[in-house]
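A short worksheet on the structure shown next.
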Amino acid sequence: MEAAADEGVVGGNGQRPKLPLGLRLQLGGLTVAIDAVERPDGTVNRCLYSVIDRLLSARANPRPDSAGVRSYDFTIDASRGIWARVFAPVAAAAPLPVIVYYHGGGFALFSPAIGPFNGVCRRLCGVIGAVIVSVNYRLAPEHRYPAAYDDGVDALRFIDDAGAVPGLGEAVPVDLSSCFLAGESAGGNIVHHVANRWAAEHQPSARSVRLAGIFPVQPYFGGEERTESELRLEGVAPVVNLRRSDFSWKAFLPLGATRDHPAAHVTDENAELAEAFPPTMVVVGGFDPLEDWQRRYADVLRRKGKKVVVAEYPDGFHGFYGFPALPDAGKVLQDMKAFVESNRTAPKSSEQ
């Protein structure tokens, strides 16, 4: 993990990342599915998407896996379709930190049940030793900005009002004063905006939830400008390209808005940050076309006096940490664990 936002090896240089054949086939299938459901007008073919969603989704499993992690779902607001999937051990001797997680998908696709996100949350729980609450928020373009941010904040308010993670039980105590937010891609964008709103509007009166830190993992930021990394990695990097990025912003942002809208463009001095904005670990991959935006974001946080560390993975493509066969997918979890341990409140024994 590197603390300097402008340092580290940058991938690309006209060469594709070296990936195992099986992973290349997975990524190829994923991008074919995305392109099949995303229409040029910024809408989603929900009939076709529902078929893909069923094929890719995993059920919650109350039985612990080989790492001792179980999962279950609970409802936050049925009228808006907001629910969450919890990943937790069967028991814990001391209160565990809580990570509230927001999945990726360009604001328009997927849910906590989708295989890669379900798997990431299981690994986060097992490696970090935290309870993971993965939030299902409303999707664009049917629900544009700020719906995903509203749902993300409301999930935190729901937990804060309950003073606990619903359904967890006394065998797994949690420390809500050590609450972290995490999410990749569009989820990383949501993490930033939810954290900023929580710090500005809700933290002073919160009953139990205190944001101890956030993880924008390869967050989706942007602007009208085409950055050097976007141009250099176009047609080279997997998953993200200019067309798919533009679709996501067209689907999510208010009608008529440009990519310089504050939801996307959080990378200059106009970015408004709450005084209590939490410590931040920004994950950047060297084969991610969005890496320039992510480094600019970290620079803005630093210039505004916020605590920020940048974790660089030179071979990382957009979404790399969702594929456990990659060595960096394990390393990033270890780096996230170290960040949690250095920023959480002092753990207390459940007997105290």
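Please read all numbers here as calculations on a predicted model, not as lab measurements. As a basis for the values below, the full set of heavy atoms in this structure was taken, side chains included, without hydrogen atoms, waters or symmetry mates.
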### F107: which of F252, Y102, Y137 passes ring-ring contact (aromatic ring centres under 6.0 Å, His included)
F252
### Task
May I ask you to decide whether E234 forms a salt bridge with R226, counting only side-chain N to carboxylate O separations under 4.0 Å?
no
### Message
One pair to check against side chain to side chain contact (heavy atoms under 4.5 Å, CB included): H143 and R80. What are the steps and the verdict?
### Response
CA-CA 10 Å; H143 304 282; R80 289 185 286 166; over 6 Å; no
### V133, V131, N118 screened by side chain to side chain contact (heavy atoms under 4.5 Å, CB included) with F87, the one that passes
N118
### Query
Centre of F247's six-membered ring, under 6.0 Å away, within 45 degrees of the axis: is that where NZ or CZ of R244 sits?
no
### Message
List the residues meeting ring pair (Phe, Tyr, Trp, His ring centres under 6.0 Å) with Y145, not counting sequence neighbours, and say none if there are none.
### Response
Y149, H261
### Cluster companions of V51 among Ile, Leu, Val, Met, Phe, Trp, Tyr (side-chain spacing under 4.5 Å)
L55
Quiz: residues 123-130 side-chain donor-acceptor pairs under 3.5 angstrom, not counting sequence neighbours:
unit_1: R123; atom_1: NH1; unit_2: G119; atom_2: O; d: 3.4
unit_1: R123; atom_1: NH2; unit_2: G322; atom_2: O; d: 3.3

### Query
Can you check whether V282's main-chain N or O pairs, donor with acceptor, with Q294's side chain at less than 3.5 Å?
no
### Task
Verify, without hydrogens or angle tests, whether Q203 (side chain) and L211 (backbone) share a donor-acceptor contact under 3.5 angstrom.
yes
### D299/R302 ion pair, N-O < 4.0 Å
yes
### E269 atom CD, neighbour heavy-atom count above 12 within 6.0 Å
yes
### Message
Check this for me: does any side-chain nitrogen of one of D154 and R157 sit under 4.0 Å from a carboxylate oxygen of the other?
### Response
yes
#### Entry: Polar side-chain atom of K250 near backbone of P40 as donor-acceptor pair, under 3.5 Å
yes
### Query
Below 6.0 angstrom between ring centroids: does that apply to W249 and Y220?
yes
